[in-house]
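What follows is a single structure, written as structure tokens, with notes after it.
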Amino acid sequence: GFDWGEHFYNAADRFDTMYEIAENLVKSGHAYVCGLSQEEWRKYRGVPTEPGLESPTRNKAPEWSLDMLSKMKAGEFADGTYCLRAKIDMASPNIHFRDPVIYRIMHVEHYHAGNQWCIYPMYDFAHPIEDALEGVTHSMCTLEFEVHRPLYDWVIDRMQEMGMLVQNNGITVRPQQREFSRLNLSYTVMSKRKLLQLVEEKRVAGWDDPRLPTLCGMRRRGYPAAAIRNFCEALGATKFISTTDFSILEQAVRENLNSTAMRRLAVFDPVKLVIDNYPEDAEETFDAVNNPEKPEDGSRQIPFSRELYVERADFMKDPPKKFFRLSVGREVRLRYACLFTCTDVIEDANGKVVEIHGVMDMDSRGGTSPDGRVVKGTIHWVSIRHAVEVPVRLYDRLFSVEDPLADDSRDFTEFLNPDSITRATAFAEPAVQALDPSTSVQFERMGYFFTDSEDSKSGAPVFNRTATLRDSWSKIK
RNA sequence: UGCCUCAUCGUGUAACGGUAGCACAACUGACUCUGAAUCAGUUUGUCUAGGUUCAAAUCCUAGUGAGGCAACCA
């Protein structure tokens, strides 16, 4: 959802200026053309503990370099034969100061500039120039560029000498580079190099696979842009290499979705529940609010009949003390519908529950009884006769067993969770069919889902799980 | 090996040299037609050792631990 307005820039639009600056550097003795091969240069550059050697062309007249530079630009040389170096300090302990390359020959097409150029500026040269020309005051980047900062400042100094710094309200804008730590998430592979590997090896559907921590992946997973922004704002930016727990991100997503997502009832692991005192042919509908946090979203009607599906986990034969849901002899609320008392349960030969029986309080339609008695448990349900089956995908995050930052020597793909997708079918109330694509919905007590029709052959929406609901019952267990 | 960074509750972050605070998590309670949400409360921290100072999370020195750089990559 980000909008950079008029400040959308392409580096390629500044190639002409960059080349002019390079020429000026040569003229002022700050740069020279070097014909050393990469292997030769490695020897000349030396090691940090002792000074390097000067390139044979380092002290040639500027006219020579100027001429060579124009020939480089004209395409007279093959890749790698010559390059343009900044003349700085061959004895610096910072290797980036030992006459770094600022232009190299590359006979390749540029995706913006086409075939206009066969020499291209290096990042360390282009970056400060772009910032200066665009009036950037603070150029934020990640920690690995810390040692590049002196070179960044060097280029800015040269631009200042050339009078190329931008004025803003009468003040000269001198860009400054500042570094901060990249965002790390626990259990999550964030390295673009590694994500690329997953995409290329087709271990995921693409860059927008909902399991990937990419923005387009998060979008398909249903993470709202505002939630991601809030998450980042809560984290802050420092130079400390931190690892944020994945649950913080999920919490930010839940917080946003709680106030925006439509509520629907759906049963994921169904067991049949029969209301013995409800007529077999009868049916009725109950009114249910779409979002209790947002009354203006209105309500919808949920059909109800004698036979329902309820969540298997909502029944326990031998319930522990704090279990508030179904058990023989217990009364619970069927959400929006009525109070229901379980009287009996039918099991198969293995002791697995196949049917729950009970009676409803006929005076409790809508969910409250006239005598005002309270029930601790409220469970979700769906009428079997009216239920629609919807495909759901329960995505897990991609994670490695060990610290994703550690152990770069081993192939991280061996740590990937093999069960990172679960495909299933849920039984939902009919109103899910009317949902628009790309809508967030909360299946009550089951989590947040995001409708994704792009991906299904039939065009029917697939419900991708965005996040689970917080579940304090699992902590009690 | 040289050089450059970083270290504050469980996690992530604040604090001109002057009361160590906030958020999330955890825990307790209230409320509730989602064991959700909401509300109230509680617990927990300055890497180590010296030094400077009336006073150090903050400045200095050393150590420990972690990360980065030594591509004609970004």
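Proteins get letters first, then strands, A, B, ... in listed order; numbering begins at 1 in each. Because only heavy atoms are used, hydrogens play no part in the values below, and waters and symmetry mates are left out as well, while side chains stay in.
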Looking only at atom [atom1], what distance separates [N] and [M], rounded to whole Å?
{"N": "B/G67", "M": "B/U8", "atom1": "P", "result": "15 Å"}
{"N": "B/A74", "M": "B/G68", "atom1": "C1'", "result": "15 Å"}
{"N": "B/A57", "M": "B/G21", "atom1": "C1'", "result": "13 Å"}
{"N": "B/C27", "M": "B/G63", "atom1": "C1'", "result": "38 Å"}
{"N": "B/C24", "M": "B/U61", "atom1": "P", "result": "39 Å"}
{"N": "B/A56", "M": "B/A66", "atom1": "C1'", "result": "24 Å"}
{"N": "B/A55", "M": "B/G18", "atom1": "C1'", "result": "7 Å"}
{"N": "B/U32", "M": "B/A36", "atom1": "C1'", "result": "10 Å"}

Identify whether any heavy atom of [X] sits under 4.0 Å from a base atom; if not, whether one sits that close to sugar-phosphate; answer base, sugar-phosphate or nothing.
{"X": "A/L249", "answer": "nothing"}
{"X": "A/Y120", "answer": "nothing"}
{"X": "A/M446", "answer": "nothing"}
{"X": "A/E255", "answer": "nothing"}

Quick one: [X] [atom1] to [N] [atom2], roughly how many Å, whole number?
{"X": "A/H380", "N": "B/A36", "atom1": "NE2", "atom2": "C1'", "value": "13 Å"}
{"X": "A/D153", "N": "B/C4", "atom1": "CG", "atom2": "P", "value": "15 Å"}
{"X": "A/K376", "N": "B/A36", "atom1": "NZ", "atom2": "P", "value": "10 Å"}
{"X": "A/N256", "N": "B/A37", "atom1": "CG", "atom2": "P", "value": "15 Å"}
{"X": "A/E146", "N": "B/A66", "atom1": "CD", "atom2": "P", "value": "17 Å"}
{"X": "A/L185", "N": "B/A25", "atom1": "CG", "atom2": "P", "value": "16 Å"}
{"X": "A/L151", "N": "B/A74", "atom1": "CG", "atom2": "C1'", "value": "14 Å"}
{"X": "A/F324", "N": "B/U32", "atom1": "CZ", "atom2": "P", "value": "14 Å"}

Between [X] and [Y], is the gap from one ring center to the other below 6.0 Å?
{"X": "A/F323", "Y": "A/W473", "result": "yes"}
{"X": "A/F286", "Y": "A/Y336", "result": "no"}
{"X": "A/W4", "Y": "A/Y9", "result": "no"}
{"X": "A/F125", "Y": "A/Y19", "result": "no"}
{"X": "A/F246", "Y": "A/Y187", "result": "no"}

Consider the side chain of [X], meaning its heavy atoms from C-beta on, and name the nucleotide among [options] that approaches it most closely.
{"X": "A/R42", "options": "B/G68, B/A71, B/A74", "result": "B/A71"}
{"X": "A/N258", "options": "B/C69, B/C4, B/A37", "result": "B/A37"}
{"X": "A/W41", "options": "B/C72, B/A74, B/G35", "result": "B/C72"}
{"X": "A/R445", "options": "B/G35, B/C69, B/C24", "result": "B/G35"}

Considering just the side-chain nitrogens and oxygens of [X], establish if one lies under 4.0 Å of OP1 or OP2 belonging to [N].
{"X": "A/R104", "N": "B/C73", "answer": "yes"}
{"X": "A/S247", "N": "B/C24", "answer": "no"}
{"X": "A/R470", "N": "B/A37", "answer": "yes"}
{"X": "A/Q251", "N": "B/A25", "answer": "yes"}
{"X": "A/R45", "N": "B/A71", "answer": "yes"}

Seminar exercise, completed: Per-residue pairing states of RNA chain B in dot-bracket (Watson-Crick or G-U under 3.5 Å; . unpaired, | other strand) read (((((((..((((....[..)))).(((((.......)))))....(((((..]....))))))))))))....
Detail all sub-3.5 Å separations between protein N/O atoms and N/O atoms belonging to nucleotides 62-65 of chain B.
none

Exercise. Looking at the angle O4'-C1'-N9-C4 for a purine or O4'-C1'-N1-C2 for a pyrimidine, is B/A23 syn or anti, with syn meaning within 90° of 0?
Worked result: anti
Problem set entry | Those residues that, when tested against A/R330, pass salt bridge (charged side-chain N to carboxylate O under 4.0 Å, His left out) (two or more places apart) |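 Residues passing salt bridge (charged side-chain N to carboxylate O under 4.0 Å, His left out) with A/R330: none at all.
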Seminar exercise, completed: Residues at least two apart in sequence or cross-chain that pass salt bridge (charged side-chain N to carboxylate O under 4.0 Å, His left out) with A/E311, listed by chain then number, are none
Problem set entry | Interface with RNA chain B, restricted to residues 288-295 of chain A and to heavy atoms under 4.0 Å |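 A/P292, A/E293 - these, ordered by number, are the residues of the stretch whose heavy atoms sit under 4.0 Å from the strand.
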Exercise. Which of residues 88-103 of chain A sit near RNA chain B, with a heavy atom under 4.0 Å from it?
Worked result: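 Result for residues 88-103 of chain A: A/P93, A/I95, A/H96, A/V101, sorted by number.
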Quick one: do [X] and [Y] make a salt bridge, cutoff under 4.0 Å?
{"X": "A/D99", "Y": "A/K87", "answer": "no"}
{"X": "A/E134", "Y": "A/R14", "answer": "yes"}
{"X": "A/R306", "Y": "A/E283", "answer": "no"}

For this session: Return the set of residues passing side-chain contact (heavy atoms from CB on, under 4.5 Å) with A/V345 (not counting sequence neighbours), or none when no residue passes.
Result: A/F315, A/V328, A/E347, A/V353, A/I356
Exercise. Stepwise, does the ring pair (Phe, Tyr, Trp, His ring centres under 6.0 Å) test hold for A/F443 with A/F463?
Worked result: CA-CA 10 Å; A/F443 288 133; A/F463 290 81; 5.3 Å; yes
Atom pairs, protein N/O to nucleotides 27-29 of chain B N/O, distance under 3.5 Å:
none

Check nucleotides 56-60 of chain B for protein N or O atoms closer than 3.5 Å to its own N or O atoms and list the pairs.
none

Tabulated below should be each protein N or O lying under 3.5 Å from an N or O of nucleotides 9-13 of chain B; please produce it.
from  : atom 1 : to     : atom 2 : distance (Å)
B/U11 : O3'    : A/T243 : O      : 3.3
B/G12 : OP1    : A/T243 : N      : 2.9
B/G12 : OP1    : A/T243 : O      : 3.2
B/G12 : O3'    : A/S242 : OG     : 3.3
B/G12 : O2'    : A/L235 : O      : 2.9
B/U13 : OP1    : A/T238 : OG1    : 2.8
B/U13 : OP1    : A/S242 : OG     : 3.4
B/U13 : O5'    : A/L235 : O      : 3.3

Problem set entry | Contacts of type side-chain hydrogen bond (donor to acceptor under 3.5 Å, both in side chains), residue A/D396, not counting sequence neighbours | A/N417
For this session: Could you tell me whether the side chains of A/Q38 and A/E40 share a donor-acceptor contact shorter than 3.5 Å?
Result: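 Note: A/Q38 and A/E40 side chains miss the donor-acceptor criterion.
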Exercise. A/Y82 pairs by ring pair (Phe, Tyr, Trp, His ring centres under 6.0 Å) with which of A/Y32, A/Y103, A/F77?
Worked result: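 Testing each of A/Y32, A/Y103, A/F77 against A/Y82, the sole residue satisfying ring pair (Phe, Tyr, Trp, His ring centres under 6.0 Å) is A/F77.
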For this session: Enumerate the residue pairs fulfilling side-chain hydrogen bond (donor to acceptor under 3.5 Å, both in side chains) with a member in residues 119-131 of chain A, sequence neighbours excluded, ordered by first and then second residue.
Result: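 side-chain hydrogen bond (donor to acceptor under 3.5 Å, both in side chains) check on residues 119-131 of chain A returns A/Y123-A/H127, A/D124-A/H148, A/H127-A/D131, A/H127-A/S139, A/D131-A/S139, A/D131-A/Y152.
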